[in-house]
Participant: 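I am attaching a structure below and will ask some questions about it afterwards.
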2 protein chains.
Amino acid sequence: MKTCGVNRPLDQTDWRIIAALQEDGRLSFNQLGRRVNLSAPAVAERVRRLEESGVIAGYQARIDPVRAGLPLTAFVQLRCALTKCLLKTTNSDEFPEVVEVHKLSGNWCSMLKVRVASMPHLEGLLERIGTHGEMNSHVVLSTQYEGRAVEPPPTDPQLASRSEGWRR
Amino acid sequence: MKTCGVNRPLDQTDWRIIAALQEDGRLSFNQLGRRVNLSAPAVAERVRRLEESGVIAGYQARIDPVRAGLPLTAFVQLRCALTKCLLKTTNSDEFPEVVEVHKLSGNWCSMLKVRVASMPHLEGLLERIGTHGEMNSHVVLSTQYEGRAVEPPPTDPQLASRSEGWRR
DNA sequence: AATGAAATCTGTTCGTG
DNA sequence: CACGAACAGATTTCATT
C-alpha cells in the first residue's frame, strides 16, 4: 500500500503486465512471464512493486449481475444537502444495491450505480434513496461493456495543445 | 460459458463463494474451502459450475486509475441517432478512454464512463465524442467506492408489494 | 453431493552467474 | 535480470459415506 521509495513512472513492460492481469487476474508468474518476455522471478518482482505502490489495488472475480439474479442496472443522480448526503450511509449495509458512488461537479451532488433484482425492487430502493434528496434516475436497457481494461494514457504532447489556447 | 443442464438457483454456499472471490479473486480452493466450510474438491466443483454457467465471468486485477496515471473520471450522456451510435465504434481502439457503455432509457441514448489523464485529454476526448451526437458530461470530483461486491437479492416478498398496487 | 488422503503437477523462491 | 534447482503448495483423482 505504501509508495515506498521512488515512484517510477510505469514503463511499457509494466503496462503489458497490467493489461494481462486485467484480462486474467489469475495468471501465474510463469504464464505472465511468457506474455511479456520476462522470467518468472522478474515479473514477480514487478507485480510485487505494482501491488505495493497501489497501482494494482486487488484481484476480484467479475460477477455477471444478470446471471446472479440482479438483471436490472440503473444510474441515479442525487442532489442533496452535503451534511446528510448519501455518501455517509452507503458504506453500511443500508444500501447493498448501490455498487458505485461518485461525487460530481455540476448541479447534481452524486452519481450512483445500482443493481436490483426487479422493478419492484428498484421502485422500493428509489423510494428509500429519495428520502435523502432530489433524485433523477436512468434505467439501463443494455450494457455494451463494463470494466474495460484501463490503457496507458497517451504521451502525445498534442493533447495539451488540443484547445486553441488563449492569448492576450 | 454454457448453461449446461439445470440452472439451479444459487444457494447460500454459492453466495459465500461469490462474496469471497469478489474480495480476493486469487484465493486457492483450500483457502476458499476454509472460508465456506467446505473441502477443496467440493469448492472446486462449485466454482467450476459457477464459471461454466457464466455467473463468474472472469477474474481481473483491479487497477487504481489515479495511480495508473488516469486521475480524471467523467460520465458522458450521449444522445445520437441509433444508426450511427457510439456503441458500434467503442469496441475498437478509437476510444480507449471509454471504459463503460450503457444504453439508457429516457431522453439520452447512452451513458459512458471515461478515464483520462488530464483536462486537456478530457477536452479532446469530448470533442471527438461530440461529433457523434448531443452530449452532456459530468466530471467526477471524487469516488467513494466502485466495484462494490454484488450481494444476493432480497428474497423478501414485501418488495413486490412495496407499491400500493392498483385496484379498479 | 461432500469428505479425506494420496499422487501428480505446477508455481514460487533462492542462489548463482 | 536470467537461469536452474529445491522446496512448498495447489489441484485432481479416487474410494467412501
Side-chain angles (χ1 to χ4, degrees), chain A residues 1-64 67-69 149 152, chain B residues 1-63 67-69 149 151-153 155:
Chain A
M1 295 293 184
K2 292 176 183 175
T3 320
C4 57
V6 196
N7 219 343
R8 272 194 306 99
L10 304 175
D11 62 16
Q12 273 190 344
T13 306
D14 289 322
W15 273 108
R16 293 178 70 184
I17 291 174
I18 289 172
L21 286 179
Q22 282 182 106
E23 259 186 38
D24 184 354
R26 303 192 76 167
L27 287 173
S28 69
F29 293 146
N30 272 328
Q31 296 169 305
L32 204 48
R34 305 197 82 248
R35 294 205 186 187
V36 302
N37 293 327
L38 237 61
S39 68
V43 291
E45 179 65 15
R46 280 181 182 259
V47 169
R48 194 187 59 77
R49 284 186 201 167
L50 289 170
E51 290 170 350
E52 270 188 10
S53 66
V55 174
I56 296 179
Y59 303 85
Q60 64 178 188
R62 283 190 305 109
I63 303 302
D64 181 339
R67 296 190 207 248
Chain B
M1 297 293 185
K2 292 177 183 174
T3 320
C4 57
V6 196
N7 218 342
R8 271 194 307 100
L10 305 175
D11 62 15
Q12 274 190 342
T13 306
D14 289 323
W15 274 108
R16 293 178 69 185
I17 292 174
I18 290 171
L21 286 180
Q22 282 182 106
E23 260 186 36
D24 184 353
R26 301 192 78 164
L27 286 173
S28 70
F29 293 144
N30 271 328
Q31 296 169 307
L32 205 47
R34 305 195 84 249
R35 293 205 187 186
V36 303
N37 293 326
L38 236 61
S39 66
V43 291
E45 179 66 14
R46 280 181 182 260
V47 169
R48 194 188 56 80
R49 284 187 200 167
L50 288 171
E51 289 170 350
E52 269 189 11
S53 66
V55 174
I56 296 178
Y59 303 86
Q60 65 178 187
R62 283 189 305 109
I63 304 301
R67 298 192 206 246
E151 290 182 29
T155 54

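Protein chains get the first letters and strands the later ones, always in sequence-line order, with residue 1 at the start of each.
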Participant: Any side-chain to backbone donor/acceptor pair from A/Gln31 onto A/Ser28? Under 3.5 Å, distance only.
Facilitator: yes
Participant: Using a 4.0 Å heavy-atom cut-off to protein, can you give one letter per nucleotide of nucleotides 5-17 of chain C, 5' to 3': B if the base is in contact, S if only the sugar-phosphate is, - if neither?
Facilitator: B-----SBBB---
Participant: Can a salt bridge be assigned to the pair A/Glu52 and A/Arg49 using a cut-off of 4.0 Å between side-chain N and carboxylate O?
Facilitator: no
Participant: Out of curiosity, B/Phe29 CZ to B/Arg46 CZ, how far, rounded to the nearest 0.5 Å?
Facilitator: 13.5 Å
Participant: Any donor and acceptor pair, going by atom type alone, linking the side chain of B/Arg62 with main-chain N or O of A/Gln60 inside 3.5 Å?
Facilitator: no
Participant: Check for a donor-acceptor pair, side chain of A/Asp14 on one end and backbone N or O of A/Asp11 on the other, with a separation under 3.5 Å.
Facilitator: yes
Participant: Output, in order, the C-alpha distance, side-chain angles, deciding distance and verdict of side-chain hydrogen bond (donor to acceptor under 3.5 Å, both in side chains) for B/Glu51 and B/Tyr59.
Facilitator: CA-CA 10 Å; B/Glu51 289 170 350; B/Tyr59 303 86; 2.7 Å; yes
Participant: At a heavy-atom distance below 4.0 Å, which nucleotide of DNA chain D is the first touched by chain B, and which is the last?
Facilitator: D/dA10 to D/dT13
Participant: Using 0.5 Å steps for rounding, measure from the CG atom of A/Leu50 to the CD1 atom of A/Ile18.
Facilitator: 5.0 Å
Participant: By the 4.0 Å heavy-atom rule, please label B/Arg48 as base, sugar-phosphate, or nothing.
Facilitator: nothing
Participant: Quantify the bending of the helix from C/dA1-D/dT17 to C/dG17-D/dC1 as the angle between its end axes, each fitted on five pairs, to 10°.
Facilitator: 30°
Participant: Rounded to the nearest 0.5 Å, what separates atom CZ in B/Arg16 from atom CG in B/Leu32?
Facilitator: 10.0 Å
Participant: Got more than 12 heavy atoms from elsewhere within 6.0 Å of CZ, A/Arg26?
Facilitator: yes
Participant: What's the separation between atom CG in B/Leu21 and atom CZ in B/Arg35, rounded to the nearest 0.5 Å?
Facilitator: 9.0 Å
